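One structure is given below, encoded as structure tokens.
No experiment lies behind these values; they were computed from the predicted model shown. Heads up: numbering here begins at 1 and tracks the sequence.
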Amino acid sequence: MIRNTLIILFCLLCSVQLCGQTWETVKSDKQYLWGEGRGSSIEEAKQQAVADLIGKISLYVTSENNTQNSHRISNGALDETSQFTQSVNTYSQATLNNTELIIIENEPNAHVGLYIKRNEIAKIFEARQRRILDMVETALRAEQKGEAGNALRNYSWALALLKSLQYPNDVTYTDGEGNSHVLTNWVKEQMEGVFAELKVNTVKRSEDDVELSITYKGKPVGNVDYTFFDGRQWSNLYSAKDGRGMLELSPGNSSKQYQIKFEYEYRGEAVCDPELASVLKAVKGTSMKSAYVSIDALPATSSNDPKIVNSVTTRNVGSTFTSNDTEIIKEPTLISEPSDKYITIFENISQSVRTSKIVEVRKYFTEIGWEAFSGLLKYGKVKVLDSPEIKFYKYEQYVMARGLKMAFSFARGVKKSFVEDLVFLFDTDGKICNVTFGLGDTAESDILFKGPWKENTRMAIMNFLENYKTAYALKRLEYIRGLFDDNAVIITAVVSNKAPMTLKDGNKSMSVKGQKTIRYNRQTKDEYLRNLARCFNNNEFVNIRFSDNDVIKCGAEGEVYSIQIGQDYYSTNYGDKGYLFLMVDINNPEQPIIKVRTWQPEKDPNFGLYSAGDF
């Protein structure tokens with residue numbers, strides 16, 4: 001055993017000496033591309049070496065493209081040599097796999113060399129190609145759900161990343177019918193198709209507020225972002241939800257027509273991904289004239305009363321949960337004739353928010369309900385929108401009212417306006433005991449109209465997710481603490497490199513750089529909450545949007561469910577999108593308990609997404 005160990009150490013020392021002595025040989029060997037850096041620290045020298053190596057890779061790949069593949073340059077700006085050169089420079093140390101780092105001289109006068117075999121260059125582009133295809137799949141799912149904003153964002157980002165590949169015209173996508181499409185052309189066609197199906201109409205104008213109806217393929221759009229031009233300047237970003245949006249005009253603006261641009265590049269949201277942000281900065285944007293539409297401004301109206309739905313409907317849906325059978329699932333018990341008391345309450349609440357006389361409706365709430373409602377009104381600058389329909393459901397001993405829409409605007413950091421629908425819960429005394437943000441029509445439909453479970457179970461799952469979303473928006477740390485089991489499995493993910501291993505021999509050492517990884521960190525409940533508190537303190541607002549909901553019952557352990565859900569996270573200084581997995585015990589619907597929470601930025605190439613089977 002000792003003999004074997006000595007042999008291994010001897011070999012390592014020999015390799016160190018060899019690498020230290022042959023750096024000049026590496027530089028002269030045509031099979032390698034290399035970069036060199038100096039600095040007061042190893043890290044500073046390493047960053048210079050990375051920049052030097054990337055520059056050489058850029059020249060090498062560009063030259064190879066020009067000499068061997070000139071016939072590929074056929075799509076104008078998409079394949080421009082200068083643009084590709086810029087995009088290659090967006091690759092960072094995190095994406096340079098299969099490189100080796102030699103520490104030629106240690107600190108304080110650090111001198112390092114970084115090199116890669118030329119035949120390994122293609123592997124640099126493989127991770128981005130996988131990511132592009134994943135974005136295309138995500139965009140297609142978003143289209144099916146009517147989420148035009150999510151579709152446009154993923155198509156646009158995929159198109160930008162295509163421009164940073166060595167051979168973008170070689171990347172194809174095979175659809176469900178077996179047809180193969182060249183992505184450089186097909187993605188733009190898909191985006192044009194999304195724009196063609198987006199329709200905007202003005203619902204009404206009240207003084208300086210214009211309310212919009214936005215549809216996609218004839219139905220209320222799930223989500224889409226836009227800006228507008230009021231004759232003088234372009235606005236901040238607005239986010240429509242479930243077919244409703246608005247324009248906030250400057251005082252006295254009398255224009256009769258406004259230009260709207262649907263957002264598709266989402267450069268602001270890319271700040272959560274430094275490499276994506278650098279690609280968007282480096283490559284030329286794709287001009288989409290179809291993103292612009294004009295709308296007429298209607299004169300002010302006086303009809304501000306919410307409308308009440310008084311019909312019961314059924315939906316024919318294919319269950320995607322435990323079977324593939326198509327079944328008729330009746331909508332959860334809808335109160336066909338809500339009492340005049342409920343209608344009066346909503347009329348008064350709407351009016352009190354418009355006139356900023358909130359205290360006048362305090363009598364309709366319990367203490368806890370009032371705390372929730374007043375907290376929501378402090379979330380941002382709030383305005384009540386015309387609400388096409390408010391539905392009243394029977395949920396156990398409660399009455400649940402859904403559909404009152406409000407817009408919340410924020411002026412700091414990422415300047416944005418969100419449309420949210422509010423959900424009110426009435427207790428047996430007829431008082432509002434809780435108020436939350438709604439999930440939205442798409443996510444709501446995924447839960448209410450799919451799954452062979454009893455009505456109250458579906459309502460309980462939706463109620464849990466809406467409370468979860470609202471707690472993060474209102475930064476209710478103690479409420480969130482109560483949601484998690486003390487021994488909950490909490491896993492978060494960050495993109496990083498494995499730390500290099502350094503071997504030393506006198507003044508010389510060698511370090512082989514680790515591969516790019518997504519590192520999954522398990523946190524205790526207290527660790528997670530400490531990090532969450534820090535996040536809350538650093539942001540004016542937090543907003544969560546859910547999509548791609550998939551719910552599965554976990555074995556025979558009573559009412560325990562796994563929820564796999566796409567999550568878009570927005571805050572003042574940061575945003576990200578990824579996949580959230582929750583395993584929740586709702587045996588007591590009044591006090592659901594999270595047993596497992598995981599978040600990952602993308603599907604892992606080895607195991608995909610976390611699911612119940614992993615725990």
Does [X] have any side-chain contact (heavy atoms from CB on, under 4.5 Å) partners at least two apart in sequence or in another chain, and if so, which?
X      : answer
Lys217 : Glu143, Glu197
Asn179 : Asp175, Glu177, His181
Phe536 : Tyr472, Lys475, Leu477, Ile480, Leu532, Val542
Arg530 : Asp526, Glu527

With side-chain contact (heavy atoms from CB on, under 4.5 Å) as the criterion, how do Tyr216 and Val194 come out once you've worked through the C-alpha distance, each side chain's angles and the decisive distance to 0.1 Å?
CA-CA 8 Å; Tyr216 177 65; Val194 173; 3.8 Å; yes

Would Arg118 and Tyr32 satisfy side-chain contact (heavy atoms from CB on, under 4.5 Å), going step by step from the backbone distance to the final call?
CA-CA 6 Å; Arg118 292 174 188 257; Tyr32 297 116; over 6 Å; no

Got [X] and [Y] here, is their nearest side-chain heavy-atom distance under 4.5 Å?
X      : Y      : value
Val136 : Trp186 : yes
Lys188 : Thr286 : yes
Phe262 : Val293 : yes
Leu183 : Leu133 : yes
His111 : Arg38  : yes
Leu280 : Trp157 : yes

Calculate, to the nearest 0.5 Å, the distance between atoms [atom1] and [atom2] belonging to [X] and [Y] respectively.
X      : Y      : atom1 : atom2 : result
Gln47  : Ile42  : CD    : CD1   : 12.0 Å
Phe195 : Leu152 : CZ    : CG    : 4.5 Å
Gln564 : Leu582 : CD    : CG    : 10.5 Å
Tyr561 : Met583 : OH    : CE    : 13.0 Å
Leu101 : Ile116 : CG    : CD1   : 13.0 Å
Phe484 : Ile490 : CZ    : CD1   : 5.0 Å

Residue that, paired with Lys525, satisfies side chain to side chain donor-acceptor pair (under 3.5 Å) out of Asp486, Asp485, Asn487:
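Going through the options one by one, the only one that passes is Asp486.
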
[X] side chain vs [Y] backbone, donor-acceptor pair below 3.5 Å:
X      : Y      : value
Glu147 : Gly222 : no
Asn537 : Ala533 : yes
Arg522 : Val489 : no
Tyr468 : Leu483 : no
Ser156 : Tyr264 : yes

Which heavy atom in [X] sits nearest to a heavy atom in [Y], and how many Å separate them?
X      : Y      : value
Gly35  : Asp52  : CA-OD2, 3.4 Å
Asn154 : Ala139 : CB-CB, 3.8 Å
Val26  : Trp34  : O-CD1, 4.3 Å
Arg597 : Thr492 : NH1-CG2, 4.2 Å
Leu165 : Gln129 : CD2-N, 4.2 Å
Ala488 : Ile594 : CB-O, 3.6 Å

Have Asn150 and Arg153 got a donor and an acceptor in their side chains that come within less than 3.5 Å?
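Their side chains do contain a donor-acceptor pair, which is all the 3.5 Å distance test asks for.
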
Answer yes or no: is there an ion pair linking Glu265 with Arg267, defined by an N-O contact shorter than 4.0 Å?
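Answer for the salt bridge query: yes.
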
Given side-chain contact (heavy atoms from CB on, under 4.5 Å), test Ile491 with Phe581 step by step and report yes or no.
CA-CA 10 Å; Ile491 298 176; Phe581 171 77; over 6 Å; no

Lys117 atom NZ, neighbour heavy-atom count above 12 within 6.0 Å:
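No, the 6.0 Å shell around NZ holds no more than 12 heavy atoms from other groups.
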
Any chance you could lay out the side-chain contact (heavy atoms from CB on, under 4.5 Å) test for Trp23 and Glu36, step after step, and finish with the verdict?
CA-CA 10 Å; Trp23 174 237; Glu36 203 165 4; 3.3 Å; yes

Could you tell me which residues satisfy salt bridge (Lys or Arg N to Asp or Glu O under 4.0 Å) with Glu263, sequence neighbours excluded, listed by chain and number?
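Partners of Glu263 by the salt bridge (Lys or Arg N to Asp or Glu O under 4.0 Å) criterion come out as none, since no residue qualifies.
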
Taking only residues two or more places apart in sequence, or in another chain, which ones meet Lys261 in a side chain to side chain donor-acceptor pair (under 3.5 Å)?
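Side chain to side chain donor-acceptor pair (under 3.5 Å) check on Lys261 returns nothing, list empty.
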
